[in-house]
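To keep things clear, I will list the structure first and then write my remarks on it.
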Amino acid sequence: MVEGKKILVVGLANKYSIAAAIAETLHKNGATLGFSYQNERFEKFINEFASQNGNGFTKICDLSNDSDIKELITSTVKEWGEIDGIVHSVGFAPAEQISGNIEDCITREGFQITHDISSYSFSGLLKEAHPYMTENSSAITLTYIGSQEATPNYNVMGMAKASLEASVRYFASTLGAKGIRVNSISAGPIKTLAASGIKGFKTMLSKHGENTPIARNITATEVGNAAAFLLSDLSSGITGQTIYVDGGYNIQATSFD
Ligand code: NAD
Ligand code: 0WE
């Protein structure tokens, strides 16, 4: 479904990353992949992962830095000439921002960092990449239902995800005529490294599984499969959307049991 498509994957940290599952599905389905990573700490893993998934290029890119974003796109275009797809699987809030009641922990600096990395970075990537994106190309990002519903502890991350989802609609609206589609996947909770650092995550995960229509939690592979669909021409009529890959969790009303 994505044979021959040249897709840049941003947000791979380790084997538990949602970006890893997405990359594996894309590779299995014939895509050519390139990877960017946040800093030297991830270099060894990324290079190993890249060599096992098609031997694509790897490039360091701190998304808080405009010149890093520019260099990432420049080197991607040098490598490929054009870009058929972008996967943005990135989110960050300083730990103290996502623990406790929002009124006790939100700060101007925490707000700025969270919105910069978790929302602006997607805009920044598209701003640089769109001139090189092909007719029938597609960009996706990862979001969470905490953008729509006040979720305990998610706090300013939920505000940044709301901004990210709005950015998907704005970019979809203006890039559509160039044949570029932009969507997000709203994933149910998955035990990644980012998630395992969150207190009470395990309890949340098991309650979430019980209270979901499919009666279990979703897997990163299921997100990878939806991502491959959104990056492929099979989804050519879909843009500006938030697609829920959450086992149907979002369609339920509050339970009063
Ligand atoms: P992860 O920690 O594996 O991925 C987060 C990535 O963000 C890492 O690769 C990290 O290096 C990168 N990153 C952070 N700051 C950066 C910076 N300044 N520059 C470049 N990269 C930076 O965790 P994950 O759970 O795979 O998260 C991926 C995406 O999925 C995030 O947007 C997250 O909000 C979203 N998401 C996660 C879940 C979940 O339960 N795990 C659910 C829904 C959505
Ligand atoms: O988007 C996320 C996690 C994002 C995240 C995680 C961390 C942990 C380590 C962002 N920043 C940081 N900063 C750190 O220092 N998810 C959707 C997973 C998640 O995070 C939560 C959740 C869920 C679900 C936080 C509180 C409540 C629920």
Side-chain angles (χ1 to χ4, degrees), residues 8-13 17-19 22 36-39 61-70 72-73 83 85-99 102 105-130 133 138-176 180-190 192-195 197-198 223 226-227 230-231 239-246 250:
L8 178 62
V9 179
V10 179
L12 190 55
S17 293
I18 294 174
I22 294 174
S36 82
Y37 56 99
Q38 186 183 357
N39 59 45
C61 176
D62 179 348
L63 291 164
S64 65
N65 187 319
D66 281 341
S67 58
D68 271 30
I69 295 178
K70 281 204 173 85
L72 172 63
I73 300 307
I83 303 171
I86 295 182
V87 175
H88 172 273
S89 183
V90 173
F92 177 76
E96 74 281 358
Q97 294 291 306
I98 50 174
S99 174
I102 193 159
C105 60
I106 195 160
T107 62
R108 189 183 298 274
E109 193 193 5
F111 180 99
Q112 282 173 344
I113 294 170
T114 305
H115 281 73
D116 188 30
I117 305 304
S118 308
S119 179
Y120 179 75
S121 65
F122 187 57
S123 292
L125 274 174
L126 290 179
K127 180 183 159 88
E128 293 304 322
H130 80 82
M133 291 183 76
S138 163
I140 62 162
T141 184
L142 271 293
T143 187
Y144 180 62
I145 195 172
S147 64
Q148 307 298 309
E149 296 176 354
T151 306
N153 300 311
Y154 202 62
N155 301 350
V156 70
M157 269 305 295
M159 298 157 71
K161 291 299 195 190
S163 155
L164 179 69
E165 290 170 24
S167 76
V168 164
R169 292 187 284 273
Y170 278 91
F171 277 96
S173 170
T174 53
L175 296 181
I180 306 168
R181 296 181 297 104
V182 186
N183 292 287
S184 67
I185 292 177
S186 186
I190 298 171
T192 60
L193 193 67
I198 288 143
V223 176
L230 288 174
L231 289 156
T239 196
Q241 302 302 308
T242 305
I243 306 290
Y244 283 82
V245 181
D246 68 347
N250 76 92

Does some side-chain heavy atom of Ile198 sit less than 4.5 Å from a side-chain heavy atom of Asn153? no

Distance (rounded to the nearest 0.5 Å) between Leu125 CG and Tyr120 OH: 9.0 Å

Is there a side-chain contact between Phe111 and Met159 in this structure, where contact means two heavy atoms from C-beta onward sitting under 4.5 Å apart? yes

Would you please say whether a donor-acceptor pair under 3.5 Å links the side chains of Ser163 and His115? no

Could you check whether Thr114 and Gln97, counting side-chain N and O atoms only, form a donor-acceptor pair closer than 3.5 Å? no

Does some side-chain heavy atom of Glu96 sit less than 4.5 Å from a side-chain heavy atom of Cys105? no

Taking it one step at a time, do Ser17 and Thr192 satisfy side-chain contact (heavy atoms from CB on, under 4.5 Å)? CA-CA 6 Å; Ser17 293; Thr192 60; 5.8 Å; no

Quick one: does Tyr244's side chain get under 4.5 Å of Ile145's, heavy atoms only? yes

Minimum heavy-atom separation for Leu164 and Leu142, please, with both atom names. CD2-O, 3.4 Å

Asp68 side chain vs Asp62 backbone, donor-acceptor pair below 3.5 Å: yes

Does a side-chain heavy-atom distance below 4.5 Å link Ile86 with Met133? yes

Side-chain heavy-atom pair Ile180, Phe171 within 4.5 angstrom cut-off: no

Quick check: closest heavy atoms across Val223 and Ala187, and the distance to 0.1 Å? CG2-CB, 4.0 Å

Correct closest heavy-atom pair for Ser121 and Val90 would be OG-CG1, 4.4 Å

Starting at OG of Ser184, measure out to CD of Gln241 and round the result to the nearest 0.5 Å. 8.5 Å

Any non-hydrogen side-chain atom of Cys61 less than 4.5 Å from a side-chain atom of Tyr37? no

Hey, are Thr143 and Glu165 close enough side-chain-wise for a donor-acceptor pair under 3.5 Å? yes

Shortest non-hydrogen contact between Gly11 and Ala19, atoms and distance: O-CB, 3.5 Å

Hey, does Ile140 have a side-chain heavy atom less than 4.5 Å from the side chain of Arg181? no

Checking side-chain contact (heavy atoms from CB on, under 4.5 Å) against Val87, which of Thr141, Leu12, Ile22, Ile185 comes through? Ile22

